[in-house]
Asker: 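Got a structure for you, questions after.
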There are 2 protein chains.
Amino acid sequence: MENLREMFQVMTRRFGFLNKNCCSTGGYDISLVQSHILYEIDKQHKPSMQQIAETLGTDITTFSRQVQSLIKMNLVKKNTDPDDKRVSILSLTTEGVYIAESIDQQMNAYLNEVFSHMNEFERETVVRSIKLLNESMAKSSKCCTTPLG
Amino acid sequence: MENLREMFQVMTRRFGFLNKNCCSTGGYDISLVQSHILYEIDKQHKPSMQQIAETLGTDITTFSRQVQSLIKMNLVKKNTDPDDKRVSILSLTTEGVYIAESIDQQMNAYLNEVFSHMNEFERETVVRSIKLLNESMAKSSKCCTTPLG
DNA sequence: TTTTTTACTTGCAATTTGCAAGTATTTTAT
DNA sequence: ATAAAATACTTGCAAATTGCAAGTAAAAAA
């Protein structure tokens, strides 16, 4: 059997580079972690601080400060949940949405370029495989969840 | 078409968690970046500092210090290349090999567990897909290489 | 031989990190 | 109804990680 880890290591490293490249797109000085925060806020529905921090596997105190800087940059808003005044609901500002979308476009453009080296059949196979992989990882209770959770 | 980026983001995040979990296995206090350094030194043949730093996309100065700490921990050795006294050849100590291997085993065990949720056909498809993906990413000149290279 | 390039190291100064300890609100006893 | 416990988040550190600028030493080019 081939070395699974090696394949994954190479793939995720490459994807990591791509991610790093893309987040500094558009003149804005966004760090990789910040781009992930923007991405998740955009994706989740009215998320709280805890939720995003949990999703990203970031310590809540670190996350708190990252959000503060994103608010200063006017990319993220924070609203206290009316039902529970302890929790802060996060959302993107118009500018934040713009940045998040432009990063997303870049990423997808690059990924499409990568996929252009395959034929239609290969593309479909790969897409299905990644879905399968994600499902399997989700099923696995032992692994692949946040380090401290 | 599905959102490629989302699929990749989820997958690599999960793999990242796995990576983080695994590197702190075995009582040793190894950071994620350090585990990646050990991995690459193990993988490459008599690599120089530059080579590993380049592979990992790390600034050479940062890398220099990381290696120093790994040497202090007695996991890595540095030997000056006899053919060019400027370059340092990196290698793992016996202890380093042990750590690297135990991380590798953990990782592969977890990945096998993930793959156990698939049938034989799916497994093969997924493995082939990841290989394909890696080849395609390698072909793509635009993307997926080190940020500053 | 001098100049330039290359491989690496150190000096900062800035950023990022997480634990401990805080505040404020809500939930759970009693 | 009130005290105690839990939850959501924030701040104070102090340590670790980062990268640029400037260094050393060796090799290659001029």
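Fair warning: this is a prediction, and the values are worked out from it, not measured in the lab.
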Asker: If I take atom CG in residue L70(B) and atom C1' in nucleotide dC8(C), what distance separates them, rounded to the nearest angstrom?
Answerer: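 Rounding to the nearest Å, CG of L70(B) and C1' of dC8(C) are 17 Å apart.
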Asker: Calculate the interatomic distance between L32(B) atom CG and dT18(D) atom C1'; express it in whole Å.
Answerer: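 So the CG-C1' distance, L32(B) to dT18(D), works out to 15 Å.
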Asker: With sequence neighbours excluded, tell me which residues meet salt bridge (charged side-chain N to carboxylate O under 4.0 Å, His left out) with K85(B).
Answerer: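 Listed in chain order: nothing, the list is empty.
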Asker: With sequence neighbours excluded, tell me which residues meet salt bridge (charged side-chain N to carboxylate O under 4.0 Å, His left out) with E101(A).
Answerer: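 Salt bridge (charged side-chain N to carboxylate O under 4.0 Å, His left out) list for E101(A), sorted by chain: empty.
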Asker: For L56(B) and dG19(D), what is the distance between atoms CG and C1' respectively, to the nearest whole Å?
Answerer: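 Answer to the nearest Å: 16 Å.
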Asker: Counting only side-chain nitrogens and oxygens, does Q66(A) get under 4.0 Å of the OP1 or OP2 atom of dT15(C)?
Answerer: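 For dT15(C), neither OP1 nor OP2 has a side-chain N or O of Q66(A) closer than 4.0 Å.
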Asker: Residues in salt bridge (charged side-chain N to carboxylate O under 4.0 Å, His left out) with R128(B), at least two apart?
Answerer: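 Per chain and number, R128(B) pairs via salt bridge (charged side-chain N to carboxylate O under 4.0 Å, His left out) with no residue.
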Asker: Atom CD of Q34(A) and atom C1' of dT18(D): how far apart are they, to the nearest Å?
Answerer: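 After rounding, the reported distance stands at 15 Å.
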Asker: Can you list everything that forms a ring pair (Phe, Tyr, Trp, His ring centres under 6.0 Å) with F8(B)? Sequence neighbours excluded, please.
Answerer: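 F8(B) satisfies ring pair (Phe, Tyr, Trp, His ring centres under 6.0 Å) with F15(A) only.
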Asker: Between D59(A) (CG) and dA16(D) (P), how many Å, whole number?
Answerer: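 In whole Å, dA16(D) P lies 16 Å from D59(A) CG.
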Asker: In B/S/- notation, 5' to 3', how is nucleotides 3-10 of chain D contacted by protein heavy atoms closer than 4.0 Å?
Answerer: ----BSSB
Asker: Got a sec, which residues hit salt bridge (charged side-chain N to carboxylate O under 4.0 Å, His left out) with D42(B), two or more places apart in sequence or on another chain?
Answerer: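 With sequence neighbours excluded, D42(B) shows a salt bridge (charged side-chain N to carboxylate O under 4.0 Å, His left out) to no residue whatsoever.
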Asker: Separation of E54(B) atom CD from dA7(C) atom P, in whole Å?
Answerer: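 Between P of dA7(C) and CD of E54(B): 11 Å.
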Asker: CD1 of I52(B) versus C1' of dC8(C): gap in Å, rounded?
Answerer: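 In whole Å, dC8(C) C1' lies 15 Å from I52(B) CD1.
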Asker: Would you kindly compare D83(A) and S69(A) by the position of their nearest DNA chain C nucleotide and give the one closer to the 5′ end?
Answerer: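 Residue closer to the 5' terminus by nearest nucleotide: S69(A).
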Asker: Separation of L90(B) atom CG from dC8(C) atom P, in whole Å?
Answerer: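 Roughly 8 Å, once rounded to whole Å.
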Asker: Of all heavy-atom pairs between L4(A) and N112(B), which one has the smallest distance, and what is that distance?
Answerer: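 What the structure gives for the nearest pair is CD1-OD1, 3.7 Å.
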